[in-house]
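Lettering of chains follows the sequences in order, A, B, ..., and the numbering in each one begins at 1.
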There are 2 protein chains.
Amino acid sequence: MTTTAAPATMDDVAALAGVSTSTVSRALRDSPLISPSTRERVQQAAAQLDFALSRAASALATGRLGRIGLLVSGALSTWFNASVLDAAYATLREAGQELVIYSTKDDADRSDFFARLPAQRNVDALIVASFQLRPEEYARLAELSVPVVYLNQQVEKSASVFIDDVAAAALGTRHLVNLGHRRIAYVTTRDPEGFTFSAARRRDGVEQAVDQHNRSRPEDPATTWTVTVDATGGGIEVGQLAVGQLLGGDTVPTAVVTESDEVAMSLIPALQRAGLRVPTDVSVLGFDDNVLAPLFDLTTIAQPVAELGRAAARAALTLSLHGAEALEQPHQQLPTRLVLRGSTVVPRPAA
Amino acid sequence: MTTTAAPATMDDVAALAGVSTSTVSRALRDSPLISPSTRERVQQAAAQLDFALSRAASALATGRLGRIGLLVSGALSTWFNASVLDAAYATLREAGQELVIYSTKDDADRSDFFARLPAQRNVDALIVASFQLRPEEYARLAELSVPVVYLNQQVEKSASVFIDDVAAAALGTRHLVNLGHRRIAYVTTRDPEGFTFSAARRRDGVEQAVDQHNRSRPEDPATTWTVTVDATGGGIEVGQLAVGQLLGGDTVPTAVVTESDEVAMSLIPALQRAGLRVPTDVSVLGFDDNVLAPLFDLTTIAQPVAELGRAAARAALTLSLHGAEALEQPHQQLPTRLVLRGSTVVPRPAA
DNA sequence: CTGTTAGCGCCTTCAG
DNA sequence: CTGAAGGCGCTAACAG
């Protein structure tokens, strides 16, 4: 079935190159304390024997694990998580580090993680991706003997990399208000685990933009309200449920802001099946700039997900290698921008 | 910035529990060689001190790394890769193993992986996800002292978990032929790295189904041809390029089979923008049953991606724990099925 | 059931 | 620049 020949050991390499194991170790790690010629010879011997250093043994000897953890909530296959993972992985890999995933799909996973703290002594740093923790959980992470980097949330005494969700959502909402929309619904999903709390901040942004408009133009007020859907995931259910609530209420919106592109992309076909044209009857604004957003011609607020992942990984590397003092910007805010596509237009005169 | 208190050691736990470190070790691993009461006492002490075993040290002592590698090509954020990763991760995690990603985005990464074989001595088993290797690369993996499980390809002397791409595509194509389609294009993407070779087998399936029809009903022949697009990714470019080639040729298809749902989802809006209605003017058939397929009302051939990931992970676990003999089914073929939605209909009479 | 002893494979002194 | 020796934290084998 599968080969199981014993792999070469460092001694084999040392013997083949005619040196000691210390020399092999140094040569393989490109230590400056070694002559180019023996280094070359050793590396060839290692290649010839398919020898690779045991990371476990190196870790034990040096005290550096060469591994950085990524704590994620929800499925790894959501666009956000997968994009962050992809970017963080690439950055760590360039630095010769591995990425260890700690994924918590449900409350059980989550309590388990916080009860056992498996990251303790097993990674050099931990990135906590975009989800809200309970106060005791923050406390728990602070007790960790490993530096933590928060992604998409600011945490007082830790490093963090994030966007301004409130400002971003306000920006998008202003765009709708400026187009003339006065009935703007915000669609969010119920979040069973208390995860993805960015959604709440985005709602604040929507309300903020509407309030601001109403203060400056009280004679032409806009209203906004929130519709919370009891479903998650990228399927069509979210959209269908949202449509029901959107059309079943007292007022029907002329524009909808969604917590994410995934929700928007689910909503658009659902609206269409309900007989509403997008954008003619309803404008739809997304959040993320998911790769798929262009397929729906979706106007959206872009957040630099890959850059968030990279920045978090870089911060984690810096913290693990050089400590907190070495981190120039403990709190890094990354820019968002409005990406104009075809899903948002001036509301119909009738409206 | 971040706490860096020294974490508790095993000696601390031993002292607190009033036992030796061996006992601590045994208690923490739920060894049966220990009395419930001391186990309890030790575990409490460990919890109190936030002590976690060092996986690196355990690995060194036992020779078992507790880590399984996943070699992937292309972005981790594609639906396929992310879904496999998610499922494999979940399975490994239940078994207390970690997942180590080896992702090769380009040829450089790839040669690097095969040159250095970083998986050697660093994982207990390796899963190679869905991509075609060069003969020398297969040979290289066979030299590895670690068992390999291939996902979505059969490899003679290794374990593998896969679907029958040919039969699956033929099934979908038969559906179109049965609806009455006689001009069926297959849309695939150029694959710079030689990755995702399933696409070629799917084309074979399309051709096979058409041939079969033509043999049984020579008086009413169908034709098929392949359109290869020079782009990849989930954006709209793929679809736009495909539409150009689809409409620019001698014959215009009444139905299109795509190598994946991602291509189909890119194609549908592109067709619509070109003035063609889906499915009225053109039927579109996907492959995968991506979560997003329902949003496009896409008829598609479902492959059990999560189950592929799980099965591969289980096989990897079995191989690493009990060796090749313990694997009941070295070659596991998983079923596919046609998922009927609205994107495929009877062709217009005019056609 | 529990403690003692040795060693996993590497890296880091310290000598040369 | 290179070799010898010890120890990183844990577990397996052995004794009790």
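The side chain of B:Ala57 lies closest to D:dG9, out of D:dG9, D:dG3, C:dC10. Nearest nucleotide to the B:Thr62 side chain, out of C:dC1, C:dC11, D:dT11: D:dT11. Each of C:dC10, C:dC1, D:dG3 was ranked by its minimum atom distance to the side chain of A:Ser22; first place goes to D:dG3. Relative to the side chain of A:Ser54, the nucleotides D:dA13, C:dC8, C:dG9 differ in distance, and C:dG9 lies closest. The side chain of A:Ala61 lies closest to D:dC8 when the candidates are C:dT2, D:dT11, D:dC8.
Both B:Leu33 and A:Leu60 lie close to DNA chain C; mapped to their nearest nucleotides by heavy-atom distance, the more 5′-ward contact belongs to B:Leu33. Along DNA chain D, the nucleotide nearest to A:Ser37 and the one nearest to B:Ala52 differ in position, and the one closer to the 5' end is contacted by A:Ser37.
Looking at heavy-atom distances under 4.0 Å, B:Thr38 makes contact with sugar-phosphate atoms alone, never a base. Within the 4.0 angstrom heavy-atom criterion, only backbone atoms of the sugar-phosphate kind lie near A:Arg121; the bases stay farther away.
For the pair A:Arg26 CZ and D:dC1 C1', the interatomic distance rounds to 8 Å; values are reported in whole Å. The CG atom of A:Asp12 sits 15 Å away from the C1' atom of C:dC10 (whole-angstrom rounding). Going from atom CG of A:Asp30 over to atom C1' of C:dC11 covers 15 Å, rounded to whole Å. With rounding to whole Å, A:Arg41 atom CZ is found 14 Å from D:dC1 atom P. Distance, B:Leu65 CG to D:dG9 P: 19 Å, rounded to whole Å.
The two residues A:Ala316 and A:Ala125 make their nearest non-hydrogen contact at O-CB, 3.7 Å. Smallest separation of non-hydrogen atoms from A:Asn122 and B:Arg55: OD1-N, 2.8 Å. Minimum interatomic distance between A:Val148 and A:Leu319 (heavy atoms only, all atoms of both residues): O-CD1, 4.1 Å. Here the closest non-hydrogen pair linking B:Val146 and B:Leu126 is CG1-N, 3.7 Å.
Judged by distance alone with a 3.5 Å cut-off, no donor-acceptor contact links the side chain of A:Ser25 to the base of C:dT12. Residue side chain A:Arg55 does not reach the base of C:dG9 through any donor-acceptor N/O pair under 3.5 Å, judged by distance alone.
In the model, A:Glu143 has no side-chain atom that pairs as donor or acceptor with a side-chain atom of A:Tyr138 under 3.5 Å.
Of the side-chain N and O atoms in B:Ser35, none sit less than 4.0 angstrom from OP1 or OP2 of C:dC1. Considering only side-chain N and O atoms, A:Arg29 lies under 4.0 angstrom from the phosphate OP1 or OP2 of C:dT12. Residue B:Ser20 has a polar side-chain atom (N or O) positioned under 4.0 Å from OP1 or OP2 of C:dG3.
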